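Quick one: the structure is below, and I'll ask about it shortly.
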Number of protein chains: 2
Amino acid sequence: MARNASFNIERFFQALGDMTRLRLLNLMGEQEICVCYFTEILAQPQPKISRHLAYLRSAGVVAARREGRWMHYRIVMPPHVGATQILLQTLAWLKEDRVMQTDRARLTKACCSPAKFVALQGAPLPASIDPSTCSTSR
Amino acid sequence: MARNASFNIERFFQALGDMTRLRLLNLMGEQEICVCYFTEILAQPQPKISRHLAYLRSAGVVAARREGRWMHYRIVMPPHVGATQILLQTLAWLKEDRVMQTDRARLTKACCSPAKFVALQGAPLPASIDPSTCSTSR
DNA sequence: GAATTATATTCGCATTGACGCATGCATTGT
DNA sequence: ACAATGCATGCGTCAATGCGAATATAATTC
């Protein structure tokens with residue numbers, strides 16, 4: 001309920017004005033990600049992650065999908081072309097950031113060798129991950 | 001390299017997360033604008049305008065130049081290509097907004113017929129304004 | 001139905017932000 | 001020096017935000 005509040009420009013930029021939320025967006029990128037990956041990769045308390053995801057959701061930047069016990073979050077493009085372009089531009093920009101690159105590397109590693117991440121045993125893989133991308137990890 | 005410690009991603013987006021600040025940025029656009037125009041066109045208290053300008057300055061989004069009693073503010077492009085593109089994209093997006101269009105129209109009007117804006121008597125015109133753009137005003 | 005797992009929400013607290021009001025500071029003009 | 005002008009800043013107040021800790025909710029498993 002109350003999931004489709006009208007898109008608000010201020011709220012949109014405010015949602016981008018926090019490093020934790022930017023890291024979450026960077027991890028989502030093009031694909032849907034399970035919450036358990038966020039908490040594991042950012043190494044931060046689950047309630048904190050959950051609140052930031054709720055913030056992003058209230059800003060209309062992400063959407064959630066439930067799959068059994070797991071919640072998958074994905075980026076949704078805003079209902080304005082201008083905002084969409086800014087969001088895409090931001091995601092592209094984030095990829096140049098060291099922290100963001102490290103996060104992405106950890107995500108790949110977690111998906112390829114989940115056995116090393118105790119908390120992720122049995123967690124659903126992002127849909128777009130396939131073993132062929134797991135070149136150097138063991 | 002090019003690590004400019006003064007520029008902060010979070011701060012950058014936070015600066016964009018306020019309607020008053022977006023209106024100020026929209027008014028500046030490509031040109032330098034005197035503070036007295038902001039207060040007149042937005043019809044809001046001068047300390048409020050000044051505070052928001054200070055916020056934008058602290059975020060590295062605008063710069064100020066003193067000219068006698070007047071302060072001129074202008075947009076400065078961030079030291080990152082990504083941020084620059086986002087800022088330009090944002091400015092372009094704002095132009096589609098009704099409020100922003102009205103503000104711009106009022107700015108043009110104020111520059112062309114300052115006599116109608118008591119507070120702007122003698123105020124310096126934006127550098128890029130010339131009388132040829134004042135077609136229908138008297 | 002009870003326990004477990006994955007995620008969301010509530011609470012208390014500290015910090016920040018936005019605002020109005022009054023005042024301070026810098027520059028110009030007399 | 002004094003007053004006037006244009007702008008910035010300090011103060012008090014209130015709302016919003018971020019956080020950790022605890023608790024609640026939803027889906028699954030026993």
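These numbers were taken from a predicted model, which means no experiment stands behind them.
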Need one value for R66(B): base, sugar-phosphate or nothing, where a base atom within 4.0 Å counts as base even if backbone is also close, heavy atoms only.
sugar-phosphate
Salt bridge check: are K95(A) and E30(A) linked by an N-O gap of less than 4.0 Å?
yes
Take the protein atom CZ of R21(A) and the nucleotide atom P of dT17(D), then report the distance between them rounded to whole Å.
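Taking atom P of dT17(D) as the reference, CZ of R21(A) is at 8 Å.
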Using whole Å, what does the distance between atom P of nucleotide dG6(D) and atom CD of Q46(B) come to?
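One finds 10 Å between P of dG6(D) and CD of Q46(B), rounded.
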Measure the distance from CG on L53(A) to P on dT9(C) and round it to the nearest whole Å.
11 Å
Salt bridge (Lys or Arg N to Asp or Glu O under 4.0 Å) pairs, two or more places apart, involving residues 70-84 of chain B:
E32(B)-R74(B)
Nucleotide dG17(C), atom C1' - distance to CZ of R11(A) in whole Å
14 Å
Per the under-4.0 Å heavy-atom filter, residues of residues 54-65 of chain B near DNA chain C come out as Y55(B)
In whole Å, what is the span from the CD atom of E10(A) to the P atom of dA18(C)?
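After rounding, the gap between these two atoms is 9 Å.
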Pick the nucleotide of DNA chain C nearest each of R69(A) and R51(A); which residue has the one closer to the 5' end?
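Residue closer to the 5' terminus by nearest nucleotide: R69(A).
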Euclidean distance, atom CG of residue D18(A) to atom P of dT16(C) [Å, nearest integer]:
14 Å
Can we say R104(A) and E96(A) salt-bridge, meaning some charged N sits less than 4.0 Å from an Asp/Glu carboxylate O?
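Salt bridge: no.
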How many whole angstroms separate atom CE of M71(B) from atom C1' of dT9(D)?
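Interatomic distance, CE of M71(B) to C1' of dT9(D): 13 Å.
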With a cut-off of less than 4.0 Å, is there a side-chain N or O of H52(B) near OP1 or OP2 of dG17(C)?
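For dG17(C), neither OP1 nor OP2 has a side-chain N or O of H52(B) closer than 4.0 Å.
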Let me know the distance between NZ of K48(A) and C1' of dG20(D), rounded to the nearest Å.
10 Å
Atom OG of S58(A) and atom CG of N8(A): how far apart are they, to the nearest 0.5 Å?
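Going from the OG atom of S58(A) to the CG atom of N8(A) covers 9.5 Å.
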Overall bend - the helix from dG1(C)-dC30(D) to dT30(C)-dA1(D), comparing terminal axes fitted on five pairs, nearest 10 degrees:
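For the helix from dG1(C)-dC30(D) to dT30(C)-dA1(D), the axes at opposite ends meet at about 10°.
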Under 4.0 Å, heavy atoms only, any strand: does Y73(A) hit a base, just the sugar-phosphate, or nothing?
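Sugar-phosphate only.
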